[in-house]
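Below is one structure, written out as structure tokens; comments come after it.
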Amino acid sequence: MMKQTLIIITLSPFLILLFIIITGVEGAKRSFGSYNNKNSVKLFVFGDSYVDTGNFLNSGSYNPPYGISFPGKPTGRFCDGRVLTDYVASFLKIKSPTPYALRNSSELQYGMNFAHGGTGIFNTLVDGPNMSVQIDSFEKLIEQRVYTKHDFESSIGLVNAGGNDYATFVLKNGSLQNISVLTESLIEQMSLNLKRIHNLGINKIAIGLLEPIGCVPMLTVKSSYEKCDEAFNLVSQNHSQMLLQIVQQLNKQMGKSVFMTLDLYNSFLSIIATMQKSRVENSTVMNPLQPCCKGEDLKYFCGSVDDKGARKYSLCEKPEFSLFWDTVHPSQNGWYAVYMMLQSSLGQLIGEKNF
């Protein structure tokens, strides 16, 4: 497994990454040009809204303007279009796996998505299944023989969780004091969860390092969207560093590379730095720390309407040039840029020659 570090990446080749950002929508279309229906690969997904494709049925992600870039209507993705899960599925040349909440009305041959927006490794302020409960649901499907050992021979696990645990901690405690205790607990539980997924039959599992939470618009609004909150980014960095160590330990115990990480932390920072530099040269480039869709004031959110149905949110002119869709979640363009930076890692995970 390739050794990874958590130093802040300086600008990757500027013109290449800027091209990725500007042409994200067209690139997204090309990525989804064809599927291999005969492929035995399945994708099983666990975590939060960054990978959820429709499990949070009563959330704002099922309201306009979510889904305006893809597929043109809300589908339960916390985005204007595709999210990380969709891009990982495209890399595997399969359709995005069915959300668990829709399992009785959809095809199951591409795997299953158990991720649920707003949830975490532990319980959060959202009444939804935490990661352990999501794995319980996975285990029940195995017991019911919806999936068998044969289904897992060349299948992939995708895990992304932790951000909502930290948000819950801060909202309850009002500060980051003693946050390190939470980090240790989260990493310990994540280790147990990863081993459990593997023991249920998944032999290759990708885990997202925690995104730089200090860069989400909900926090950058304090600086008028001019800079990330470094205290919160340090939390992400510490979490990700510990997660890297756990993954290395688990692989050593297994005697093979079952687990690997997807470096969301440095991918986001690199994209932000590139977009900020391009703004200096061209003021029409969208601020990467500013959301495309946001509520008119603190009472409202992206997608909010009043009692008369009047829209109470604003929408940027060109979502395809944004990094963040709303105050927490990347846009489709943002996820595409991140995905392009993660492709080499995904190739190591699955062994590109097999797909």
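Computed from heavy atoms alone, side chains included, the values below leave out hydrogens, waters and symmetry copies. Remember, predicted model here, so these are calculated numbers, not experimental data.
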Whether the side chain of [X] engages the backbone of [Y] through a donor-acceptor N/O pair (distance < 3.5 Å, no angle test) should be reported.
{"X": "Thr124", "Y": "Asn164", "value": "no"}
{"X": "Thr274", "Y": "Ser270", "value": "yes"}
{"X": "Asp80", "Y": "Gly67", "value": "no"}
{"X": "Asn282", "Y": "Arg279", "value": "no"}

Going by heavy atoms in the side chains, are [X] and [Y] under 4.5 Å from each other?
{"X": "Ile121", "Y": "Asn193", "value": "yes"}
{"X": "Val338", "Y": "Pro330", "value": "no"}
{"X": "Lys256", "Y": "Asn251", "value": "no"}
{"X": "Leu43", "Y": "Tyr110", "value": "no"}
{"X": "His329", "Y": "Arg77", "value": "no"}
{"X": "Tyr225", "Y": "Pro291", "value": "yes"}
{"X": "Lys149", "Y": "Ile142", "value": "no"}
{"X": "Val45", "Y": "Pro97", "value": "yes"}

Take a 6.0 Å sphere around [atom1] of [X] and say whether it holds more than 12 heavy atoms from other residues, nucleotides or ligands.
{"X": "Phe301", "atom1": "CZ", "value": "no"}
{"X": "Asn199", "atom1": "CG", "value": "yes"}
{"X": "Asp297", "atom1": "CG", "value": "yes"}
{"X": "Glu188", "atom1": "CD", "value": "no"}

Rounded distance (nearest 0.5 Å) linking atom [atom1] of [X] with atom [atom2] of [Y]:
{"X": "Leu250", "Y": "Leu243", "atom1": "CG", "atom2": "CG", "result": "9.5 Å"}
{"X": "Leu84", "Y": "Ser49", "atom1": "CG", "atom2": "OG", "result": "11.5 Å"}
{"X": "Leu323", "Y": "Ser331", "atom1": "CG", "atom2": "OG", "result": "6.0 Å"}
{"X": "Gln332", "Y": "Glu320", "atom1": "CD", "atom2": "CD", "result": "10.0 Å"}
{"X": "Lys42", "Y": "Ser154", "atom1": "NZ", "atom2": "OG", "result": "7.5 Å"}
{"X": "Met218", "Y": "Lys294", "atom1": "CE", "atom2": "NZ", "result": "13.0 Å"}

How about [X] and [Y]: does a side-chain donor come under 3.5 Å of a side-chain acceptor?
{"X": "Gln343", "Y": "Tyr339", "answer": "yes"}
{"X": "Asp52", "Y": "Asn113", "answer": "no"}
{"X": "Thr85", "Y": "Ser96", "answer": "no"}
{"X": "Tyr166", "Y": "His239", "answer": "yes"}

Taking 4.0 angstrom as the limit, do Arg196 and Asp136 come out as a salt bridge?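 Salt bridge: yes.
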Pairing of Lys222 and Asp229 as salt bridge, 4.0 angstrom limit: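 Here Lys222 pairs with Asp229 in a salt bridge, since their nearest N and O are under 4.0 Å apart.
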Apply side chain to side chain contact (heavy atoms under 4.5 Å, CB included) to the pair Gln248 and Lys252, showing each step before the final yes or no. CA-CA 6 Å; Gln248 291 168 359; Lys252 188 175 181 179; over 6 Å; no
Could you pull out the closest heavy-atom pair between [X] and [Y], with the gap in Å?
{"X": "Cys293", "Y": "Pro65", "answer": "SG-CG, 3.8 Å"}
{"X": "Tyr50", "Y": "Val328", "answer": "OH-O, 2.8 Å"}
{"X": "Val159", "Y": "Met131", "answer": "CG1-CE, 3.3 Å"}

Show me the donor-acceptor pairs, under 3.5 Å and distance only, between side chains in residues 309-319 and residues at least two apart or in other chains.
residue : atom : partner : partner atom : Å
Arg311  : NE   : Tyr313  : O            : 3.3
Lys312  : NZ   : Glu296  : OE1          : 3.4

Does anything in residues 123-143 form a ring pair (Phe, Tyr, Trp, His ring centres under 6.0 Å)? List the pairs, not counting sequence neighbours.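 Matches after skipping sequence neighbours: Phe44-Phe138, Phe46-Phe138, Phe114-Phe138, Phe138-Phe152.
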According to a 4.5 Å side-chain heavy-atom criterion applied to Ile, Leu, Val, Met, Phe, Trp and Tyr, with indirect links allowed, do Tyr62 and Tyr300 form part of one hydrophobic cluster?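 In one cluster: no.
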All salt bridge (charged side-chain N to carboxylate O under 4.0 Å, His left out) counterparts of Asp306, not counting sequence neighbours: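 Asp306: no salt bridge (charged side-chain N to carboxylate O under 4.0 Å, His left out) contacts found.
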Could you walk me through whether Leu186 and Met190 satisfy the side chain to side chain contact (heavy atoms under 4.5 Å, CB included) test, starting with their C-alpha distance in whole Å, then the side-chain angles of each, then the deciding distance to 0.1 Å, before giving a yes or no? CA-CA 6 Å; Leu186 291 174; Met190 177 64 87; over 6 Å; no
Give the intermediate values and the outcome of side chain to side chain contact (heavy atoms under 4.5 Å, CB included) for residues Ile271 and Met341. CA-CA 9 Å; Ile271 294 164; Met341 299 193 74; 3.7 Å; yes
Side-chain atoms of residues 169-181: list all donor-acceptor pairs with protein atoms under 3.5 Å, sequence neighbours left out, distances to 0.1 Å.
residue : atom : partner : partner atom : Å
Asn173  : ND2  : Phe169  : O            : 2.8
Ser175  : OG   : Gln177  : N            : 3.2

Partner of Asn123 under side chain to side chain donor-acceptor pair (under 3.5 Å), chosen from Asp165, Thr168, Asn130: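 It is Asn130, the one option of Asp165, Thr168, Asn130 that forms the side chain to side chain donor-acceptor pair (under 3.5 Å) with Asn123.
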Identify, with sequence neighbours excluded, every residue that meets ring pair (Phe, Tyr, Trp, His ring centres under 6.0 Å) alongside Phe56.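 So Phe56 forms a ring pair (Phe, Tyr, Trp, His ring centres under 6.0 Å) with His116.
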Which donor-acceptor pairs under 3.5 Å do side chains of residues 202-217 form with protein atoms, sequence neighbours excluded?
residue : atom : partner : partner atom : Å
Lys204  : NZ   : Ser257  : O            : 2.7

In terms of the angle between their ring planes, are Tyr66 and Phe78 parallel, tilted or perpendicular, with boundaries placed at 30° and 60°?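 Because their plane-to-plane angle is over 60°, the rings of Tyr66 and Phe78 count as perpendicular.
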Which of these, Asn55, Leu57, Thr53, sits in a side chain to side chain contact (heavy atoms under 4.5 Å, CB included) with Leu102?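 Of Asn55, Leu57, Thr53, side chain to side chain contact (heavy atoms under 4.5 Å, CB included) with Leu102 is met by Leu57 alone.
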Could you go step by step and tell me if Glu230 and Asn233 meet the side chain to side chain contact (heavy atoms under 4.5 Å, CB included) rule? CA-CA 5 Å; Glu230 293 305 322; Asn233 276 1; 4.1 Å; yes
